[in-house]
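Contents: one structure, followed by commentary.
Note that this is a predicted model, so its numbers are computed, not measured.
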There are 2 protein chains.
Amino acid sequence: MDGLTIAEAAATTGWSARMLRYIEDAGLVASRRSSSGYRLYGPEELQRLRTLRELLEKYGLALSDMGFARRLHHDEALRAAVDEWLAASPRRPTHVEPADWLGWEQDKHERLLAAVYANNEEHTA
Amino acid sequence: MDGLTIAEAAATTGWSARMLRYIEDAGLVASRRSSSGYRLYGPEELQRLRTLRELLEKYGLALSDMGFARRLHHDEALRAAVDEWLAASPRRPTHVEPADWLGWEQDKHERLLAAVYANNEEHTA
DNA sequence: ACAACCTTGACACGGTAGTGCTAAGGTTTC
DNA sequence: GAAACCTTAGCACTACCGTGTCAAGGTTGT
């Protein structure tokens, strides 16, 4: 049975045992298990836990941020969607006719209506 | 004074006026201002607000997630750090001698001590 | 000039993240 | 076989996110 138990790993990484379980639940750092189910932390997990700590502190991140970063990292479609949204700062959206784009000089009420129509359904109120 | 006021923008995008201000505070979608300080939303902002809505719903994201994604997008160092951490799943950390890596077959107490030493300071208790 | 907007600032409140602690029960070590 | 670990499950509490609403005051349109 090689590897540090959860309390030992906690002591060396600065996390609490409770947090090590939480971090595992968050999908960030898991350890392997002994035959009886005990968590066993090897050097790689310990290092990962330490660098995680430093990362959060250095950049003021939350664990949930890293959870989201992990999603971004694994989910290609998600990353593409988010990147695209972020990249489109002051840009004309691609799926809309650049033709007139709502004749931006009409009466305000007409503009509002046009905008509503441009956006199909959603809160028909 | 062209552009939709905040209430009009709210009506066409499905957000509340309150949330449009919140989203602006979060650095996600800002509008330009009239000379007297009124928010004025143009078609690009409206589109951005709508797609933001869709993005959150489609992927079950929170606004804070997009805030973090924005940080990742702008802060090169942060992105590099996060990516590196995520990429180092079952990998040996780079700044450590691959030589022995703590002679992983010693007595558990020695291992613990070694691990503590490997990690310089931090919670000296 | 009055109604109907807008601004910022603040309080409030439900939901979730992060964290400790306890309980009930299995494992390891002496 | 008792002491000192570990496991999961759950309660509790703080802090922040998301959101509505209200207050005090400026702007706009008729």
Examine distances only and state if a side-chain atom of R50(A) and a backbone atom of G14(A) form a donor-acceptor pair shorter than 3.5 Å.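 No, the answer is negative, given that no donor and acceptor are paired below the 3.5 Å cut-off.
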Has the side chain of S64(A) got a donor or acceptor atom that lies under 3.5 Å from a matching backbone atom of G67(A)?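 A pair under 3.5 Å: no.
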Would you kindly give the [atom1]-to-[atom2] distance between [X] and [N], to the nearest whole Å?
{"X": "L20(B)", "N": "dT8(C)", "atom1": "CG", "atom2": "P", "answer": "12 Å"}
{"X": "L56(A)", "N": "dA17(C)", "atom1": "CG", "atom2": "P", "answer": "15 Å"}
{"X": "E24(A)", "N": "dG18(C)", "atom1": "CD", "atom2": "P", "answer": "16 Å"}
{"X": "D65(B)", "N": "dC16(D)", "atom1": "CG", "atom2": "C1'", "answer": "14 Å"}
{"X": "F68(A)", "N": "dT16(C)", "atom1": "CZ", "atom2": "P", "answer": "18 Å"}
{"X": "M19(B)", "N": "dG20(D)", "atom1": "CE", "atom2": "P", "answer": "7 Å"}
{"X": "R32(A)", "N": "dC6(D)", "atom1": "CZ", "atom2": "P", "answer": "15 Å"}
{"X": "R53(A)", "N": "dG18(C)", "atom1": "CZ", "atom2": "P", "answer": "13 Å"}

If you look at every strand shown and take non-hydrogen atoms under 4.0 Å, does R21(B) touch a base, only sugar-phosphate, or nothing?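 Counting heavy atoms under 4.0 Å across all strands, the contact made by R21(B) includes a base.
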Classify the nucleic acid contact of A7(B) as base, sugar-phosphate or nothing, counting any heavy atom under 4.0 Å across all strands shown.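 It contacts sugar-phosphate atoms only.
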Reading DNA chain C from 5' onward, which residue's closest nucleotide shows up sooner: S16(A) or I6(B)?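 By nearest-heavy-atom nucleotide position, the 5'-most residue is I6(B).
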S35(A) or W15(A): which one's nearest nucleotide on DNA chain C is closer to the 5' end?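 Nearest-nucleotide comparison on DNA chain C picks W15(A).
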Could you walk me through whether W85(B) and M66(A) pass the side chain to side chain contact (heavy atoms under 4.5 Å, CB included) test, one step at a time? CA-CA 10 Å; W85(B) 191 88; M66(A) 289 304 289; 3.5 Å; yes
Can you identify which nucleotide, out of [options], has its nearest atom closest to the [X] side chain?
{"X": "Y38(A)", "options": "dT8(C), dT27(C), dT8(D)", "result": "dT27(C)"}
{"X": "R39(A)", "options": "dG18(D), dT7(D), dG20(D)", "result": "dT7(D)"}
{"X": "Y22(B)", "options": "dT7(D), dG18(D), dC6(C)", "result": "dG18(D)"}
{"X": "R18(A)", "options": "dC11(D), dC5(D), dT7(D)", "result": "dC11(D)"}
{"X": "L63(A)", "options": "dT7(C), dT19(C), dG18(D)", "result": "dT19(C)"}

Answer yes or no: does a side-chain N or O of S64(A) lie under 4.0 Å from OP1 or OP2 of dG18(C)?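 S64(A) to dG18(C) OP1/OP2: side-chain N or O found under 4.0 Å.
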Look at the side-chain N and O atoms of S36(A) and state whether any lies under 4.0 Å from the OP1 or OP2 oxygen of dC6(D).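 No, S36(A) has no side-chain N/O under 4.0 Å of OP1/OP2 on dC6(D).
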Less than 4.0 Å between a side-chain N and a carboxylate O, is that true for R70(B) and D65(B)?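 Looking at D65(B) and R70(B), the cut-off is not met.
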E24(B)/R21(B) ion pair, N-O < 4.0 Å: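 Salt bridge absent between E24(B) and R21(B).
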